[in-house]
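Naming: A, B, ... by sequence-line order, numbering from 1 per chain. Predicted, not measured: the structure shown is a model, and the values here were computed from it.
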Amino acid sequence: MAGLATSFGSGAMTNSISEIGEASCILAIGTNTTIAHPVIGVEVKRALRGGGKLIVANPREISLCRMADIWLQHRPGSDVALLMGLMWIIVDEGLLDLAFVQERCENFEVFLDSLKDFHPKFVEQVTGVPAEQLAQAARMFATSKPATILYTMGITQHTHGTDNVLAIANLAMLTGNIGKPSTGVNPLRGQNNVQGACDMGSLPTVYSGYQSVADAKAQQKFQEAWGAKLSPTPGRTLTEIIEAPNLEPIKAIYLVGENPVLSDPDATHVRKALERLEFLVVQDIFLTETAQLADVVLPAASFAEKDGTFTNTERRVQRVRKVIDSPGESRPDWWITCQIARRMGAKGFDYQNPEEIMSEIARLTPSYGGISYQRIEQVGLQWPCPTAEHPGTIFLHKDTFSRGKGKFAPLQYRPSAEQPDADYPLILTTERSLYHYHTSTMTRKVKGLRKLRSQELLEINPSDAQKLGITDGQTVKVSSRRGQLTATARVTPVSPPGVVSMTFHFAETPTNVLTNPALDPVAKIPELKVAAVRVEPCRPEQNAPAPAMAGSR
Amino acid sequence: MSNVNLTINGGKVSVSGNATVLEAAQAAGIYIPTLCHHQGLAPHGGCRLCLVEVEGMRRLTTACTTPVAEGMAVKTDTPQIQQLRRNILELVLSEHPHACFTCDRKERCGPLDICLRNVGVSERCVTCPKNRRCELQEVVNYIGMPEMTVPYTFRGLSVEKDGVFFDRDYNLCILCGRCVRVCQEVRGAGAVAFTYRGSQALIGTAFGQPLYDVGCQFCGACVDACPTGALVERSAKWMGTPDRQVTTTCPYCGVGCQLDVQVKHEHIINVIPNKDSPVNKGQACVKGKFGLDFVHDGDRLTSPLIKKNGSFVEASWDEALDLVVRSFSKYKGGQFAAIASAKCTNEDNYVLQKFVRAVMETNNIDHCARL
Ligand code: SF4
Ligand code: SF4
Ligand code: FES
């Protein structure tokens, strides 16, 4: 979440889930909330019941659109233009919160200068959204306060994902919708503990609590606490771990609980890279596609079989409790890692239980300083929570931003890295299903969920389908510059003309062999949301029977 | 809002000024029977079981819809109120089997015993999946069984099996409308509604279509809201009361719903979204409510594996860890990297990055959150 850190000094969701239900206006951009985060969808619904307004910006006619007051159907990859267009109108009509901008923010003039390029006529051309509708949305957002912005992967998985986030931050600052209840910029995290994994320092550049490894003071502090010499050189990002031709080759990987062979863009490539290693250890609860490649597989306990904490998307640290015993020889991940460390002769890995680990985290991590199992027994606490007396923080940036002043970012419109052309005329964007989760290592083991959605579906607009001679339920070949696969077509107006979509939940249809690994230069997030593809019907004898229950979910 | 003081059955109670009489009674630990009321739903005032007497008011009023006021004096259990409640119950029970309320053998009867009361099989207490976990039983226990002057008729409907994770047996439905309201008001799905078959009011989908085709999200909110055995999770259906319940955090998305996980014979049999959590307020989605069985899957890894000549063989922890340790020792520094998991706990992640930095002497650690 590099963009947010630039604007405000912190990359987490600024406000809380239960505040969404009290907002007067919600802008949901690049989030299929009712599918990916149904319980947030419940909050959105609550806001609407209370008279709140909803603006949805999404290329696809997702179910949230049905509840929306305004649906902006912009082209995939045109988010910056759309958002800057909204701001152009807000400034032009004098609907900005000038007092807030002057008191709390900086770099406004430079931003204003870059805004000049986003005349609604130009924005209409780029995004496909009529200027009049854009103006309506701009007025609605700027005049209904408090207003909050929700977004997810639809915003970040682009080569210009960081720009998208900066644009969102600009919009919140411009309208004074930050640092107050029911406002803010709210990235909804896809996986249960992404926030926690980042907070804990599972990142190449920082220790826990975002303390930089390059900072001499932090290095000193952790060296003393851990009794070891620590490197001040930032490590490699995931993509660079998998492959970095110009760096020293990685020879051994310890991979915990992930299945990159399925989730990574350009999956073929990941498989090859992992096969090239001298030593691969995979620690997981199932023998995943990735685990098959390992030299050693270590059996882990599932979430239901261990104690610990997860930090949710609103920065709330909550207890995970052991419900049942773990099967066979499987063990909690922390226990396994500690065993390896101890057998390598390291000190400081003899915790008796996760609670002891949490006390060490609290001691060394300012934002978690006041967190203890005792305090979160009933209800979790939201960081920053620096001391044992601190009540936790419901929303960030109240009187001042984490970085002092909120920083406006000048932005330009840059098209997606890959544009459709004669050979690959359609845009493929990736989606999620309500019934599955990530690479579905877990959900596919649940019979009912498998029944509701058992295979990959390629959603395609009726007009495109007709042109290509594709009927609903037919098997189609999908190819991009990087690979090809077959899937079952679902013809539906949910997908706009020129755009097709797939999920990445199914091993036998590894969507990510198609997607573009081109990275956002700052956040290093690959462009999973826009790839150019070609879709062709397969010969009739290759047709699979139509799925029994095939909804667009 | 500032607090107001009132008395309930003579006892003093002080609650927030925007509470209802029902909430005030609940806060004071005084039971008022309810059927249509449900936490998280707007007060409905439909079943009228929660009738109370308020001093100075001409008529009895429903506690679930009446706001508290300073100095209010409330009575919840006068003979007149109890009689009215019995009259209401009588109507409810004219269409709900009542062997489970009246039979004096119910404590002793098992599913395989022959019923001594000549009750039809489909109406027996032991064939109700909610027997002993039922809100209607609780209400009848409190109010007392009314004398039945209207005859009881069994609806004779077939059980709807299209819920994938739950069944709908409208023979047991008391038409409180909780499922309809939670589905519409809270979830925004509007999959079920009041329908009619002749003059008979029922709950169902439009034109009796399968749930999948009417926009059901299979969230199970209706099941959690239903007071009777009409809507019941299949996984828990014949399991009776759980051995224990543990509150934990959902392993799926970043919302972090708090779930009360129920266990019987060391198996997860049911999940109830936690009502007191500020995060999910008694709600969850299909994955959290019905998707936790994967932990019991037969494919779970139960032993360390070492690859020998291209295939995996089971190994002891000592063997596997020694091999890992020997190999890792060769790659300290820039040749080593770890990939952490956004599914693992904070403690798991903290220990892993500490290991990478302090023992493997590198900062090469990242996780898949970028994806
Ligand atoms: S499962 Fe959810 S969506 Fe389906 S009928 Fe019940 S409340 Fe409505
Ligand atoms: S199915 Fe259950 S919740 Fe719905 S009206 Fe009948 S008794 Fe009430
Ligand atoms: S609970 Fe009050 S009227 Fe039903």
Side-chain angles (χ1 to χ4, degrees), chain A residues 18 38-39 42 45 189 191-194 196-197 200-202 204 213 226 228 235-238 241 248 250-258 263 279 295 297 299 302-304 308-310 312-313 318 320-321 323 327-329 333-334 337 341 343-344 346 354 357 361 437 442 445-446 448 525, chain B residues 164-165 188 212 246 248-249 251-256 261 266 278 280 283 285 291 293-295 297 300-307 320-321 324-325 327 331 334-353 355 357-359 363-364 366-371:
Chain A
S18 60
V39 173
V42 168
K45 176 84 191 156
R189 299 296 205 164
Q191 293 188 61
N192 56 337
N193 202 31
V194 184
M200 289 303 107
S202 283
V213 295
W226 292 349
R236 300 190 194 183
T237 63
L238 180 65
I241 289 173
E248 177 187 17
I250 298 277
K251 292 193 177 148
I253 289 185
Y254 180 19
L255 193 150
V256 179
E258 289 289 353
S263 63
F279 193 64
D295 296 288
V297 178
S302 78
F303 85 103
T309 55
F310 289 150
N312 78 351
T313 192
Q318 306 191 101
V320 174
R321 289 187 183 86
V323 179
E329 289 296 308
D333 292 282
W334 64 268
T337 308
R343 284 168 197 243
M344 289 179 79
I357 305 174
I361 296 170
Y437 170 75
M442 285 138 66
K445 305 284 185 194
V446 180
I525 298 177
Chain B
V164 185
F165 307 96
Y212 194 88
V246 182
T248 192
T249 305
Y252 287 109
C253 82
V255 172
V261 181
E266 296 311 307
N280 52 307
Q283 298 298 317
C285 80
D293 304 17
F294 70 88
V295 301
D297 192 273
R300 280 287 301 275
L301 287 166
T302 53
S303 157
L305 303 173
I306 296 178
K307 199 176 265 166
L321 289 172
V324 170
V325 164
S327 310
Y331 302 108
Q335 302 182 327
F336 177 85
I339 299 175
S341 172
K343 296 191 200 85
C344 287
T345 62
N346 289 330
E347 291 77 0
D348 295 334
N349 273 286
Y350 177 83
V351 167
L352 181 63
Q353 59 94 33
F355 167 72
R357 297 189 154 112
V359 184
N363 286 310
N364 288 343
D366 202 354
H367 60 96
C368 292
R370 293 170 205 274
L371 303 179

### Task
Answer with side chain, backbone, both or neither: which region of B/V324 has an atom nearer than 4.5 Å to a non-hydrogen atom of chain A?
both

### Message
Quick check on B/Y350 against chain A: is it the side chain, the backbone, both or neither that has a heavy atom closer than 4.5 Å?
### Response
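Interface part for B/Y350: both.
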
Write down the atom of [X], the atom of [Y], and the distance for their closest heavy-atom approach.
{"X": "A/S18", "Y": "B/P278", "answer": "CB-O, 3.9 Å"}
{"X": "A/F310", "Y": "B/P251", "answer": "CE1-CA, 4.3 Å"}
{"X": "B/S341", "Y": "B/N349", "answer": "O-ND2, 3.1 Å"}
{"X": "B/A320", "Y": "B/P304", "answer": "CB-CB, 3.6 Å"}

State, with a plain yes or no, whether a side-chain heavy atom of [X] is found less than 4.5 Å away from one of [Y].
{"X": "A/T337", "Y": "A/Y254", "result": "yes"}
{"X": "A/Q191", "Y": "A/E258", "result": "yes"}
{"X": "B/H367", "Y": "B/C344", "result": "no"}
{"X": "A/I253", "Y": "B/I339", "result": "yes"}
{"X": "A/N193", "Y": "A/M200", "result": "no"}

Against chain B, label [X] side chain, backbone, both or neither, depending on which of its atoms sit under 4.5 Å from a heavy atom there.
{"X": "A/K45", "value": "side chain"}
{"X": "A/I241", "value": "side chain"}
{"X": "A/V213", "value": "side chain"}

Best-contacting candidate, [options], against chain B by heavy atom pairs under 4.5 angstrom:
{"options": "A/I361, A/I357, A/T309, A/V323", "answer": "A/T309"}
{"options": "A/A197, A/A228, A/G196", "answer": "A/A197"}
{"options": "A/L255, A/N312, A/V320", "answer": "A/N312"}
{"options": "A/A341, A/A304, A/A346", "answer": "A/A341"}

Among the options [options], pick out the one with the most heavy-atom pairs lying under 4.5 Å from chain A.
{"options": "B/Q335, B/Q353, B/Q283", "result": "B/Q335"}
{"options": "B/A338, B/G254, B/G256", "result": "B/G254"}
{"options": "B/V295, B/I306, B/V255", "result": "B/V255"}
{"options": "B/R357, B/E266, B/K307", "result": "B/R357"}
{"options": "B/N364, B/D348, B/T302, B/N346", "result": "B/N346"}
{"options": "B/L321, B/V359, B/V261, B/N280", "result": "B/L321"}

### Task
May I ask you to decide if the ring planes of B/F336 and B/F355 are parallel, tilted or perpendicular, using 30° and 60° as cut-offs?
perpendicular

